[in-house]
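This report concerns only the one structure given below.
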Amino acid sequence: MTDDPQITDPRFDGPGPDATWHAGLARGIVAIQRCGGCGAHQAPPSLLCRACGAPAPGFVDASGKATVYSATTIRRRDGAYNVSIVELAEGPRLMSRVEGDPEAVRIGMALTARIVEEDGIPVLVFDPAPAGGAA
Amino acid sequence: MADANRGRIAIVGTGITNRWEAPGRTAFDQAQEAALLALEDAGLTTRDVDGLFCSLSASGTPVLNVAERLGLTLRHADGTMVGGSSFVFHLRSALGALSAGLCDVALVTYGSNQRSAGGKLVAMPDPQPYELPYRPLYPISSYALAAARHMHEHGTTREQLASIAVAARDWARMNPAAMERGPLGIDDVLASRVVSDPLTKLDCCLVTDGGGALVLTRADRAKDHAAPVYLLGVGSAVSHRQIAAMPDLTTTAAAQSGREAYRMAGLGPGEIDHVMLYDAFTICTLMFLEDLGFCTKGEGGAFAASGAIAPGGSLPVNTNGGGLSCNHPGMYGIFTVIEAAEQLRGRCGARQVPGAEVALAHANGGVLSSQATAILGAPSTI
Ligand SMILES: [Zn+2]
């Protein structure tokens, strides 16, 4: 075995990018990728950097600071809730939810990340940042 | 010098079932009826078809199912699935296949029974794990997020969005085949139930059954048919799958697909007589007007609210009544091409655009994800 040539590419060894993201959330971490080649951040993760094409970008912990890029209130018979696109301070955008009153969510509002458990699965949500806080 | 692909192929037959509420019929029934109508319109039979371009929400292997049911013997097939714009992607593929001699008679067909089958917009068959926990309504919440951002950046208003639904209805009132033909005012749209802010129920397309089909040949053969409509230009583009991955929520990839279609056709937005824009939601019409150059970015709301796109306005848009008021069987793109072709053939009765020689049909898929633009011309443009 030890003398066999490597038949798989070691750059892609280990858990896949989606698995790394979910494992991060389970440990209370928002793991986003930072490309060693061009420096771009990205999330959701991928096997390569979408900005420059470099393979297997590594993971870093996101700051958890973000702003609302766009927001909608979904109105159902059993209540209203927010769905937002949040822009992380590092740049990537993700769909998420801003907690609290959905009517109070505004584009540009500063947010702080929080990981909650829903149906046994860790889910990334955001709280409005305290005044003078994250921006 | 004109692009070699300009006018190289032509639509020689169109088929539309006009069965928008048809319990007891399958998606395949609708697709087959549309195909037969299109072939009869072209003076051809299923024996003549050697290329099939087909995409259905109801089937993961649409080419196989439709070819079996129609009894086709195929040399070429394309089941490209990029949502509601698939059929305009098929036009671009058919341009390549017909030009290269891979097939001689191309059939593009679609059918749906989504209204009878459950009355909901059919989700694309690929759940999105990075969206799922947040319970967005698919697909309206994605369009609502684009609309909210457009309002934020450009001051677009709900009244302006509502004017798009009203213009579509005013056109539908002149189309005996349109599903919704009752009077509609701005206040009606604003007063309807908000589903996902800022979009109300009346900012959303209909949910209907239906089928549509096109038959295409190379231009040299098209002359033998009664009313050929030439493909002057066609462009396609994909920008994302999930709405959060859209590079800029206020500019769609229609800017790219349109640029390519205009380049191939050697035409600009000022030379288009008739326009079909895929209106799954009012915000779609607004953004495509901007991205295809009919007005500047940020002016789509004011342009629509001025009455420009309504009957009697300067730019006839969605003359069949659109997805908002005519029909929307899940993947609507083929109907933008059918109405554009029928306008150029002068077959549109009360809603006919007088003297229309050049039409633009634009289609959208996913959640503003895929965009495709076709520019069609009457024989006088060749
Ligand atoms: Zn990179």
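By convention in this document, chain letters (A, B, ...) are assigned in the order of the sequence lines, proteins followed by strands, and residues within each chain are numbered from 1. Note that the coordinates shown come from a computational prediction; the quantities given were computed from them, not determined experimentally.
In terms of heavy-atom pairs under 4.5 angstrom with chain B, the leader among A/Val123, A/Val83, A/Ile107 is A/Ile107. Most heavy-atom pairs under 4.5 Å with chain B, from the set A/Ile74, A/Asp119, A/Leu124: that is A/Ile74. Ranked by heavy-atom pairs under 4.5 Å with chain B, the list A/Glu87, A/Arg76, A/His22, A/Arg93 is led by A/Arg93. Options B/Pro133, B/Pro136, B/Ala146 differ in how many heavy-atom pairs under 4.5 Å they form with chain A, and the most are formed by B/Pro136.
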Requested in this report: Verify salt bridge (charged side-chain N to carboxylate O under 4.0 Å, His left out) between B/Arg149 and B/Asp248, making sure each step is shown before the conclusion.
Outcome: CA-CA 9 Å; B/Arg149 185 72 197 181; B/Asp248 172 350; over 6 Å; no

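With a 4.5 Å cut-off on non-hydrogen atoms, A/Ile121 does not touch chain B at all. Heavy atoms of B/Arg193 lying under 4.5 Å from chain A belong exclusively to its side chain. Interface residue B/Met246: only backbone heavy atoms are found under 4.5 Å from chain A. With a 4.5 angstrom heavy-atom cutoff, A/Asp18 touches chain B via backbone and side-chain atoms both. For chain A, the nearby part of B/Val195 is the backbone; its heavy atoms alone come within less than 4.5 Å. Only the side chain of A/Tyr81 comes within contact range of chain B, with at least one heavy atom under 4.5 Å from a heavy atom of that chain. With a 4.5 Å cut-off on non-hydrogen atoms, B/Leu199 does not touch chain A at all.
Salt bridge annotation for A/Arg97-A/Glu118: present, with a cationic side-chain nitrogen under 4.0 angstrom from a carboxylate oxygen.
A donor atom on one side chain and an acceptor atom on the other are not found under 3.5 Å apart for B/Gln371 and B/Ser85. Side-chain N/O atoms of B/Glu290 and B/His150 include a donor and acceptor closer than 3.5 Å. Side chain to side chain, B/Thr285 and B/Asp279 fail the donor-acceptor criterion of an N or O pair below 3.5 Å. No side-chain donor from either of B/Ser141 and A/Thr72 sits under 3.5 Å from a side-chain acceptor of the other.
The main-chain N or O of B/Thr157 is found under 3.5 Å from a side-chain atom of B/Gln160 such that the two form a donor-acceptor pair.
Between B/Leu292 and B/Leu277, the closest side-chain pair of non-hydrogen atoms falls below 4.5 Å.
A distance below 6.0 Å separates the ring centres of B/Tyr278 and B/His328.
Expressed to the nearest 0.5 Å, how far CG of B/Leu206 lies from CG of B/Asn327 amounts to 7.5 Å. In this structure, CZ on B/Arg169 lies 9.0 Å from CG on B/Leu324, to the nearest 0.5 angstrom.
Inspection of non-hydrogen atoms places A/Pro44, A/Pro45 of residues 27-55 of chain A under 4.5 Å from chain B.
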